[in-house]
Amino acid sequence: MATLTYEEALQLLREHIKDFEASAKMEEIGVVYYVGDSVARAYGLDGVMANELVEFDSGVMGLAFNLEEDNVGIIILGSESGIREGSIVRRTGRILDAPVGEGLIGRVIDPLGNPLDGKGPIKYEYRSPVEKIAPGVVKRKSVHEPLQTGIKAIDAMIPIGRGQRELIIGDRSTGKTTVCIDTILNQKDTDVYCIYVAIGQKRSTTARIIELLEKNGAMEYTCVVVASATDPASLQYLAPFVGCTIGEYFRDTGRHALVIYDDLSKHAEAYRQLSLLMRRPPGREAYPGDVFYLHSRLLERAAKLNDELGAGSLTALPIIETKAGDVAAYIPTNVISITDGQIYLEPDLFNKGVRPAINVGLSVSRVGGAAQIKAMKQVAGTLRLDLAQFRELEAFVQFASELDKATQQTINRGLRLVELLKQEPYSPISVEKQIVAIYAGTNGYLDDIPVESVRKFEKELYAYLDREVPDVLKDIKEKKALDDDLKRRIETALKDFKSKFIP
């Protein structure tokens, strides 16, 4: 056995320690001293940031929610079993983020980006922080392109534009979600990506909505974020911010997105629960003082960007549920003041069979005609006025025989317009067909049709337009305005159809 000389041994040692680097790994850890109700308190995390992800030794993640002098209040993002007094919690140095990219389209995820649809791992471009500052005034452009909902009453009288925030408000079971689902279905064959955020809903309800979207082929351009009623308040609080972050990816890459928050009443309640558990001072109705800021920082992120930034847009349709029609309650008034208008769905109208049950008097779009194509402005201009006059005179319907001729005429037309604006759920109508139908209503073509036959007239009119005069629909779609020639052709088509129509 050959022995090494002193020099050879020294050379071998030098070779071995050449690549050795002495570096100590610093890890900031804390110790949990309280846990319960999906929140924990820990001391020792002196450098932790607000909204930073932390990891418990059980593998569950948490969110640094309250930064106090001697402790950190942590929201537990998952099960609290396995976390107890004395458990170790580590900083990750990562602010809470969500996966974004085209790979999320067609998927159902939870607010932490985990798939819920059993279709394998999520493919995403990168992870983006869920809390972002909204684009400033200079980065924005005023809303000027329509976002068609396919619902006649909305597209004609309460138009929604790309980049707008339009509140859908009403009591429970008045058709708020239906309006939003119709809007998603109507984006088929357009360039709008949709994100539906279910906050605090029953799982069966969410499953039914996903099934409906799949059946209509809408999941091809839709992502669903689910924080159901059985999920902890922490996930319900995060869900809308995650949905907004996914939508912002499309907005910031020059495309168009629509995000639906269903609903923000439950979101505010989840935030109230977390805030009270964290011992933040309660304010009105026990909501924390910053509940207005919670929704304003979320909804302000919906915007139409200017041309230099790619002209993308993010449109938001938040839903608020009122109790017994109380629009003046705390959360409804907060969100009404943040949004660019509201669509109020009234239980009385719903029970009378007027669906969608939109109260035209209380509903408003603060963007107005800027979000309509010229052709719709031309035909719908008198519609709102005709309906408003009818609503004033509606109480006198039973005395119709004793009224003067002009009042009778207003009531007759109003009854037919109300009937015309009714619409089956999940059956959006293209804007060019809407224009012809409303033109017929406002120009007296329905005045001598029995009220009960108006829906039949409308249905058969659409079939007639598709079959006999598709070029009229094509020209409305392309020109986006009614010139004299187009008006004449619409009138000819209406007269021809009416002569063949059997009530």
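The chain is numbered in sequence order, starting from 1. Note that this is a predicted model, so its numbers are computed, not measured.
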Treating [X] as the side-chain partner and [Y] as the backbone partner, does any N or O pair qualify as donor plus acceptor under 3.5 Å?
| X | Y | answer |
| --- | --- | --- |
| Gln434 | Ile429 | yes |
| Asn359 | Leu345 | no |
| Asp263 | Lys266 | yes |
| Gln342 | Leu362 | yes |
| Thr149 | Thr183 | no |
| Gln423 | Gly150 | yes |
| Asn351 | Pro347 | yes |
| Thr222 | Ala218 | yes |
| Gln187 | Tyr193 | no |
| Arg384 | Ala380 | no |

As a quick check of understanding, evaluate side-chain contact (heavy atoms from CB on, under 4.5 Å) for Ile331 and Glu269, giving each step before the final call. CA-CA 10 Å; Ile331 299 301; Glu269 283 163 22; over 6 Å; no
Within a reach of under 6.0 Å around [atom1] of [X], are more than 12 heavy atoms found that belong to other residues, nucleotides or ligands?
| X | atom1 | value |
| --- | --- | --- |
| Lys141 | NZ | yes |
| Lys479 | NZ | yes |
| Glu491 | CD | yes |

Taking C-beta and beyond as the side chain, do [X] and [Y] meet within less than 4.5 Å on heavy atoms?
| X | Y | value |
| --- | --- | --- |
| Leu299 | Pro318 | yes |
| Ser313 | His256 | yes |
| Leu314 | Phe250 | no |
| Pro356 | Thr178 | no |
| Leu264 | Leu298 | yes |
| Thr339 | Glu166 | no |
| Tyr126 | Val100 | yes |
| His295 | Asn334 | no |

Would you call [X] and [Y] a salt bridge, taking side-chain N to carboxylate O under 4.0 Å as the test?
| X | Y | answer |
| --- | --- | --- |
| Asp231 | Arg203 | yes |
| Lys500 | Asp496 | yes |
| Glu458 | Lys152 | yes |
| Asp191 | Arg162 | yes |
| Arg165 | Glu300 | yes |
| Lys459 | Glu424 | no |
| Glu131 | Arg297 | yes |
| Asp262 | Lys176 | no |
| Arg489 | Asp485 | yes |
| Glu419 | Lys422 | yes |

Under 3.5 Å, is there a donor on one side chain and an acceptor on the other for [X] and [Y]?
| X | Y | value |
| --- | --- | --- |
| Gln378 | Tyr439 | no |
| Thr245 | Arg301 | yes |
| Ser128 | Asp97 | no |
| Thr190 | Gln148 | no |

Could you give the distance from [atom1] ([X]) to [atom2] ([Y]), rounded to the nearest 0.5 Å?
| X | Y | atom1 | atom2 | value |
| --- | --- | --- | --- | --- |
| Asp171 | Tyr344 | CG | OH | 6.0 Å |
| Lys498 | Leu461 | NZ | CG | 11.5 Å |
| Lys304 | Gln164 | NZ | CD | 13.5 Å |
| Phe241 | Lys132 | CZ | NZ | 12.0 Å |
| Lys405 | Asn412 | NZ | CG | 10.5 Å |
| Tyr462 | Phe457 | OH | CZ | 10.5 Å |

Looking at every non-hydrogen atom in both residues, tell me the closest pair between Gln201 and Thr206 and how far apart they are. CB-OG1, 3.6 Å
Which heavy atom in Tyr221 sits nearest to a heavy atom in Ile184, and how many Å separate them?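 Here Tyr221 and Ile184 meet closest at OH-O, 2.8 Å.
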On the 0 to 90° scale, with breaks at 30° and 60°, tag the Tyr237-Tyr271 ring pair as parallel, tilted or perpendicular. parallel
Describe, in one word, how the ring planes of Tyr287 and Tyr330 are oriented to each other, choosing from parallel (under 30°), tilted (30 to 60°) and perpendicular (over 60°). tilted
Applying side-chain contact (heavy atoms from CB on, under 4.5 Å), run through Val469 and Thr492 and close with a yes or a no. CA-CA 10 Å; Val469 284; Thr492 306; over 6 Å; no
Considering residues at least two apart in sequence or located in another chain, which fulfil the side-chain contact (heavy atoms from CB on, under 4.5 Å) criterion with [X]?
| X | result |
| --- | --- |
| Ala329 | Asp326, Pro332 |
| Pro115 | Arg107, Asp117, Ile122 |
| Pro135 | Lys139, Arg140, Arg251, Ala303, Leu305 |

Matching residue for Ile476 among Leu486, Leu465, Val431 - test: side-chain contact (heavy atoms from CB on, under 4.5 Å):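 The option that passes is Leu486.
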Stepwise side-chain contact (heavy atoms from CB on, under 4.5 Å) check, Glu321 with Thr174: CA-CA 10 Å; Glu321 186 180 292; Thr174 48; over 6 Å; no
